[in-house]
Amino acid sequence: MKRFDISVVGELNADLILYGLPATLEPEREHLAEDLAITLGSSSAIFAHNISLLGSRVGFTSCIGGDPLGKFCVDRLQESGVDVSGVKVLAAKTTGLTVILPLAAQRKILTYLGTTLDLQFAHLDLNYLGSASHFHLSSFFLLRGLRPRIPELFSKMKQSGLTTSLDTNDDPEDLWVEDVKSVLKSVDIFLPNEREACKLAGASDVQNALDSLSRLVPIVVIKCGPKGVLAKRGKNQFHAPSVSVQPVDTVGAGDSFNAGFLHKFILRCNLEECLEYGNAVAALSTTRAGGTEALRERNHRESFLQTSVSPRKGGIS
Ligand SMILES: Nc1ncnc2c1ncn2[C@@H]1O[C@H](COP(=O)(O)OP(=O)(O)O)[C@@H](O)[C@H]1O
Ligand SMILES: [Mg+2]
């Protein structure tokens with residue numbers, strides 16, 4: 001038996017979220033927030049944390065600076081059961097931070113990437129990464145130090161017999177350069193959101209994006225916010241509606257979807273079940289601040305998932 005169910009490579013930083021802000025922020029004024037959450041941030045870390053709490057055995061590889069926020073992030077991952085022996089501490093560097101300002105109409109998101117930029121191929125232990133049945137990487141465009149060798153990394157994971165998944169997340173430069181397509185050759189499951197799928201495929205609507213991407217990847221799942229998800233495996237298309245909730249915020253909803261979906265995929269459940277569970281875990285994540293707090297509350301997590309997932313007999317697709 002492999003040591004882990006899943007190896008995760010990506011960024012690791014905290015989120016600082018200010019709630020109860022005025023509708024607009026005026027220059028030079030001191031505005032007061034009504035509430036503050038300091039919580040685990042970053043797509044890869046939220047994903048790793050949440051899939052671990054769902055019951056997968058997770059090995060996480062990243063790097064942090066030698067500062068208290070870096071330690072806070074590693075502690076949070078460890079509390080969720082993630083193995084953090086692959087997290088390198090770069091003592092002279094500063095861990096990244098995302099500041100999220102949920103205003104009335106839209107969120108403002110500011111990120112200092114910090115050590116996210118410093119993760120290099122040389123930091124990776126390929127034997128450690130290979131001791132899992134599945135490999136996942138998030139935030140392709142933020143991992144600038146690793147990016148040139150991400151295609152090689154995926155190809156090595158496939159050669160070692162792992163199944164693979166990728167969530168690029170957004171490209172802050174909005175360039176969507178072709179190199180990401182060379183990674184897709186070694187990806188089994190691609191998990192973009194609607195905007196990212198259209199940008200990458202150069203498509204004007206989600207159906208065209210799905211059709212085009214599914215010619216490159218065996219399973220494509222496009223996350224469409226409150227509309228749920230669209231997916232395609234070969235010629236078969238699926239739609240799974242979201243679970244109705246009153247969100248506190250949707251930070252990390254996409255990462256939590258990935259956690260639910262891949263937890264079931266690793267258990268070899270059929271695709272419909274993976275999609276439904278992904279939507280349920282994503283909806284759960286929106287019921288508390290940030291991307292991980294709702295899952296950290298064990299009773300809330302278990303009762304929410306029990307009531308929002310239909311009972312099944314199980315089965316292999
Ligand atoms: N308002 C909402 N109500 C219920 N579920 C939601 C809501 N917003 C997002 N979700 C769930 O989170 C998933 C991912 O959200 P989405 O915003 O599409 O991705 P990302 O966070 O990557 O941008 C959706 O597919 C859906 O399951
Ligand atoms: Mg996302």
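Counting starts at 1 for both ligands and their atoms, following the listed order. The first residue in the sequence is number 1, and the count goes up from there.
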Plane angle bin for Phe154 and Phe135 - parallel if under 30°, tilted between 30 and 60°, otherwise perpendicular: perpendicular

Within-4.5 Å side-chain heavy-atom neighbours: Thr95 and Lys71: no

Ring pair (Phe, Tyr, Trp, His ring centres under 6.0 Å) pairs, two or more places apart, involving residues 168-197: Phe141-Trp176

Partners meeting salt bridge (charged side-chain N to carboxylate O under 4.0 Å, His left out) with Arg144 (sequence neighbours left out): none

Is there any protein N/O under 3.5 Å from an N/O of ligand 1, and what does the full list of such pairs look like?
| unit_1 | atom_1 | unit_2 | atom_2 | d |
| --- | --- | --- | --- | --- |
| ligand 1 | 18 (O) | Lys223 | O | 3.3 |
| ligand 1 | 18 (O) | Gly225 | N | 2.7 |
| ligand 1 | 21 (O) | Gly254 | N | 3.0 |
| ligand 1 | 23 (O) | Asn193 | ND2 | 2.9 |
| ligand 1 | 25 (O) | Gly228 | O | 3.1 |
| ligand 1 | 27 (O) | Asn279 | OD1 | 2.6 |

Step-by-step salt bridge (charged side-chain N to carboxylate O under 4.0 Å, His left out) determination, Asp83 to Arg57: CA-CA 8 Å; Asp83 182 277; Arg57 296 166 303 144; over 6 Å; no

Passing candidate, salt bridge (Lys or Arg N to Asp or Glu O under 4.0 Å) with Lys199, options Asp170, Asp174, Asp171: Asp174

Donor-acceptor side-chain pairing of Ser165 and His134 below 3.5 angstrom: yes

Lys/Arg cation over aromatic Tyr277: Lys264, 6.0 Å, 45° cone: yes

Thr111 side chain to Thr98 side chain, donor-acceptor N/O pair below 3.5 angstrom: yes

Protein N, O or S within less than 2.8 Å of the Mg ion (ligand 2), waters excluded: Asn169 OD1

